[in-house]
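Note sheet for the following structure.
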Amino acid sequence: GVDSCSSCACKNIDQAHVSDGQVMVEFENGNFYFTFPNPKNVSEFSMTLFKGREKKEICALHLSKERVISKSNVTYCQTQNSSSSTTFILKNLERKHIDVYTYYLEIFLPPPYIECYLKETYLYVQDKEDCFSLGLMLWIIISVIIFAISCVCCVVACCLRNKNQKCESNSHEYNSEYMPMAAVNAAKKPRI
């Protein structure tokens, strides 16, 4: 999830260069794209992406007429540049990457030198493992319930079978062939 706050602390920058509303944040195929239009009528500038309130630099792109220099201090950030925009791509993010990301613009040429914090965006990342572990936990719970029901059914079936066997053995006990000497209750004849 993305939440933006448009606090532009720019000094000496006019609206002809870059405005807050033009900075776009998109989520596609598990990656976050931060896209900025390149400042107009500028021959040399630098865009930097900072992480956290302490403003740790994670990605930067320096453009001049002669060359484009891309720099990344982390493995999950890549830069992409076209003639009209600069994009920072954040890939393979995890919960530890949840933080505030700040975009910083420096204009070197033409003078005067201008620096500007363009925008802050709070980035929330839901762990991929959360979904997997929830699904796995659900299957474990269902398996345990099915196993418990099966055990209860087996115990009940065994008890009923044992009870039936006792009843059958008790009914044959008095007239058993193996006990010829046993006393047998003779059927009582009705007295007249």
Side-chain angles (χ1 to χ4, degrees), residues 1-11 13 15 17-40 42 44-64 67-108 113-151:
V2 174
D3 184 28
S4 299
C5 57
S6 29
S7 58
C8 187
C10 299
K11 298 175 185 171
I13 192 166
Q15 293 300 328
H17 292 300
V18 175
S19 67
D20 266 357
Q22 295 173 322
V23 179
M24 290 183 7
V25 180
E26 298 175 300
F27 179 74
E28 185 180 316
N29 298 328
N31 301 324
F32 283 95
Y33 295 84
F34 302 116
T35 304
F36 315 88
N38 290 342
K40 294 177 180 151
V42 173
E44 185 176 352
F45 70 94
S46 180
M47 288 283 232
T48 308
L49 183 63
F50 292 107
K51 179 183 180 208
R53 296 288 177 203
E54 66 280 355
K55 306 269 192 283
K56 177 185 172 191
E57 182 180 314
I58 59 170
C59 251
L61 191 70
H62 184 88
L63 286 93
S64 65
R67 58 187 173 157
V68 176
I69 301 170
S70 178
K71 179 175 110 176
S72 179
N73 294 329
V74 293
T75 57
Y76 60 90
C77 184
Q78 295 177 349
T79 56
Q80 192 174 44
N81 181 263
S82 71
S83 60
S84 61
S85 66
T86 300
T87 303
F88 293 115
I89 306 167
L90 300 182
K91 298 182 172 189
N92 302 320
L93 297 180
E94 300 171 6
R95 288 186 76 81
K96 65 183 177 183
H97 298 117
I98 295 174
D99 215 329
V100 174
Y101 290 81
T102 308
Y103 326 120
Y104 179 68
L105 170 66
E106 292 176 281
I107 298 176
F108 300 103
Y113 169 78
I114 298 170
E115 63 179 335
C116 173
Y117 285 105
L118 287 179
K119 196 172 194 176
E120 285 187 348
T121 299
Y122 178 76
L123 197 66
Y124 176 79
V125 181
Q126 183 174 355
D127 244 351
K128 296 172 189 170
E129 298 165 3
D130 285 351
C131 296
F132 175 74
S133 63
L134 285 175
L136 181 64
M137 186 60 76
L138 183 64
W139 279 109
I140 290 173
I141 291 171
I142 289 172
S143 300
V144 167
I145 290 171
I146 290 173
F147 178 75
I149 290 172
S150 300
C151 288

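Everything quoted here is computed from the prediction, not taken from an experiment.
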Exercise. Please assess Val68 against Leu61 for the test side chain to side chain contact (heavy atoms under 4.5 Å, CB included), listing each intermediate value before the final yes or no.
Key: CA-CA 7 Å; Val68 176; Leu61 191 70; 3.8 Å; yes

Quiz item: Should Val100 and Phe50 count as side-chain neighbours, where that means a heavy-atom distance under 4.5 Å?
Solution: no

Quiz item: At what distance, to the nearest 0.5 angstrom, does NZ of Lys51 lie from OG1 of Thr102?
Solution: 12.0 Å

Self-check item: Atom pair NZ (Lys91) and OG1 (Thr75), whose distance is rounded to the nearest 0.5 Å
Solution: 11.5 Å

Practice problem: Test Met47 against every option in Phe88, Phe34, Tyr104 by the side chain to side chain contact (heavy atoms under 4.5 Å, CB included) rule and name the one that passes. | Solution: Phe88

Quiz item: Does any N or O in the side chain of Ser72 come within less than 3.5 Å of the main-chain N or O of Cys77, such that one atom is a donor and the other an acceptor?
Solution: yes

Exercise. Calculate, to the nearest 0.5 Å, the distance between atoms OG and CG belonging to Ser70 and Leu63 respectively.
Key: 9.5 Å

Quiz item: Where do Tyr103 and Leu49 land on the side chain to side chain contact (heavy atoms under 4.5 Å, CB included) test, with the steps shown first?
Solution: CA-CA 5 Å; Tyr103 326 120; Leu49 183 63; 3.2 Å; yes

Quiz item: When the aromatic ring centroids of Phe108 and Tyr113 are compared, is their separation below 6.0 Å?
Solution: yes

Quiz item: Which value, rounded to the nearest 0.5 Å, describes the distance between Ile89 atom CD1 and Thr79 atom OG1?
Solution: 8.0 Å

Quiz item: His97 versus Tyr124: any side-chain heavy-atom pair under 4.5 Å?
Solution: no

Practice problem: Could you pull out the closest heavy-atom pair between Pro39 and Leu105, with the gap in Å? | Solution: CG-CD1, 4.0 Å

Quiz item: Less than 4.5 Å apart, any side-chain heavy atom of Ser84 and any of Asn38?
Solution: no

Exercise. Determine, for Tyr117 and Lys55, whether the Lys NZ or Arg CZ falls below 6.0 Å from the six-membered ring centre while staying within 45 degrees of the axis.
Key: yes

Quiz item: Could you state the interatomic distance from CG (Asn92) to CG (Asn31), rounded to the nearest 0.5 Å?
Solution: 7.0 Å

Self-check item: Separation between CD of Gln80 and OH of Tyr33, rounded to the nearest 0.5 Å
Solution: 7.5 Å

Quiz item: When you look at Thr86 and Phe45, which way does the side chain to side chain contact (heavy atoms under 4.5 Å, CB included) test go after all the steps?
Solution: CA-CA 11 Å; Thr86 300; Phe45 70 94; 4.2 Å; yes

